[in-house]
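Below is one structure, written out as structure tokens; the observations come after it.
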Amino acid sequence: MTDTTAVESEADRLRAQMTDTLMRDGWLRDEQVERATRTVHRHRFAPEADLEAAHAPYTAVITKRDEHGVATSSVSAPQVQAMMLEQADLRPGDRVLEIGSGGYNAALIAELVGPGGDVTTVDIDPEVTDRAAHLLKETGYDRVRVVTADADDGVPEH
């Protein structure tokens, strides 16, 4: 077994464990959100973290800090994402604007809306959108539109 195969196998195990924990603890109840959580490779959107930290069910992964060390961007904690996605009640074919772009949540949304849906993720920080666009493309979610803009006015062209 290659190192890459071993890492992916361990990531699969940890992703399943994370999802099972969220279900057991009542954070994840929707079948479609469960499927998306089991499908999207969270660790690929959190290369800053080791595999266990990337799959910790109640912990965000900080992806950017300012010059004072204050966190300015993160991949939200899985239980927060599960709660938000269940409340959003997304369905196949929906058009979705996500504000704040780490990539992982946009990939989850893409799974929920399916190939007939439309996902645009926006962030004001070009470093964040560059990172998200790269990770989304690298993981096969390049149909997600990534926009650098102030989301105060939405993204009316999409």
Side-chain angles (χ1 to χ4, degrees), residues 1 3-66 69-125 128-129 131-144 146 151:
M1 186 181 307
D3 287 343
T4 302
T5 304
V7 167
E8 289 304 316
S9 178
E10 179 64 2
D12 290 345
R13 185 187 71 76
L14 290 168
R15 188 171 61 257
Q17 181 180 339
M18 173 192 78
T19 305
D20 292 344
T21 298
L22 294 173
M23 291 177 64
R24 181 197 68 219
D25 293 352
W27 291 101
L28 181 52
R29 296 177 301 275
D30 181 272
E31 184 179 297
Q32 298 309 313
V33 176
E34 175 193 352
R35 182 188 53 75
T37 302
R38 291 190 188 281
T39 300
V40 179
H41 293 243
R42 182 175 166 86
H43 70 288
R44 303 273 310 274
F45 292 93
E48 302 81 359
D50 65 33
L51 287 178
E52 289 200 14
H55 294 94
Y58 302 108
T59 306
V61 175
I62 305 303
T63 57
K64 184 177 178 188
R65 295 182 184 274
D66 69 12
V70 175
T72 60
S73 188
S74 68
V75 178
S76 297
Q79 103 272 10
V80 171
Q81 291 172 307
M83 179 182 61
M84 289 187 306
L85 291 171
E86 287 191 3
Q87 289 176 353
D89 193 29
L90 301 174
R91 298 290 169 225
D94 283 354
R95 292 183 69 203
V96 180
L97 173 64
E98 177 195 37
I99 299 173
S101 184
Y104 175 68
N105 202 58
L108 292 170
I109 293 168
E111 287 289 332
L112 292 170
V113 302
D118 185 53
V119 181
T120 300
T121 185
V122 61
D123 200 285
I124 199 168
D125 185 335
V128 171
T129 54
R131 178 186 180 280
H134 169 76
L135 294 173
L136 286 160
K137 182 177 182 178
E138 186 176 83
T139 55
Y141 293 96
D142 48 347
R143 68 183 180 84
V144 173
V146 181

Value rounded to 0.5 Å, distance of [atom1] in [X] from [atom2] in [Y]:
X: Leu135; Y: Ser101; atom1: CG; atom2: OG; result: 9.5 Å
X: Arg42; Y: Leu51; atom1: CZ; atom2: CG; result: 12.0 Å
X: Glu98; Y: Asn105; atom1: CD; atom2: CG; result: 4.5 Å
X: Leu85; Y: Asp30; atom1: CG; atom2: CG; result: 9.0 Å
X: Glu10; Y: Gln17; atom1: CD; atom2: CD; result: 8.5 Å
X: Phe45; Y: Leu108; atom1: CZ; atom2: CG; result: 8.0 Å

Keeping the roles fixed (side chain from [X], backbone from [Y]), state whether a donor-acceptor pair exists under 3.5 Å.
X: Thr59; Y: Ala56; answer: no
X: Arg131; Y: Thr63; answer: no
X: Arg29; Y: Glu34; answer: no
X: Arg35; Y: Leu112; answer: no
X: Asp94; Y: Arg91; answer: yes
X: Asp25; Y: Trp27; answer: no
X: Ser9; Y: Thr5; answer: no

**Check against side chain to side chain donor-acceptor pair (under 3.5 Å), Tyr141 and Glu111** = CA-CA 9 Å; Tyr141 293 96; Glu111 287 289 332; 2.6 Å; yes
**Criterion side chain to side chain contact (heavy atoms under 4.5 Å, CB included) on Gln81 and Tyr104, from CA distance to verdict** = CA-CA 10 Å; Gln81 291 172 307; Tyr104 175 68; 3.2 Å; yes
[Y] side chain reached by [X] side chain, heavy atoms, under 4.5 Å:
X: Leu90; Y: Val96; answer: yes
X: Thr21; Y: Pro57; answer: yes
X: Leu22; Y: Pro78; answer: yes
X: Asp12; Y: His41; answer: yes
X: Leu136; Y: Asp142; answer: no

**Asked** Could you walk me through whether Val128 and Ser73 pass the side chain to side chain contact (heavy atoms under 4.5 Å, CB included) check?
**Response** CA-CA 8 Å; Val128 171; Ser73 188; 3.7 Å; yes
**Prompt:** Do any pairs count as a salt bridge (charged side-chain N to carboxylate O under 4.0 Å, His left out) and have a residue in residues 49-60, sequence neighbours left out, and if so which ones?
**Reply:**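 Salt bridge (charged side-chain N to carboxylate O under 4.0 Å, His left out) check on residues 49-60 returns no pairs.
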**Asked** Can you list every salt bridge (charged side-chain N to carboxylate O under 4.0 Å, His left out) pair that touches residues 115-125, not counting sequence neighbours?
**Response**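 Residue pairs with at least one partner in residues 115-125: Lys64-Asp125, Arg95-Asp118, Asp118-Arg145.
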**Request:** In plain terms, say whether Asp20 and Arg38 are close enough for a salt bridge, that is, a side-chain N and a carboxylate O under 4.0 Å apart.
**Result:**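 Salt bridge between Asp20 and Arg38, a charged N being under 4.0 Å from a carboxylate O: yes.
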**Prompt:** Between Arg13 and Glu8, is the closest basic N to carboxylate O distance under 4.0 Å?
**Reply:**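 Salt bridge absent between Glu8 and Arg13.
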**Message:** To check you understand the geometry: which heavy-atom pair defines the closest contact between Ala54 and Val61, and what is its length?
**Reply:**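 So the two residues come closest at CA-CG2, 4.1 Å.
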**Request:** Would you name the heavy atoms of Val119 and Ala106 that are closest together and state the gap between them?
**Result:**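 Looking at all heavy atoms of both residues, the shortest contact is CG1-O, 4.1 Å.
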**Item:** Derivation of the side chain to side chain contact (heavy atoms under 4.5 Å, CB included) call for Val144 and Thr121
**Value:** CA-CA 7 Å; Val144 173; Thr121 185; 3.9 Å; yes
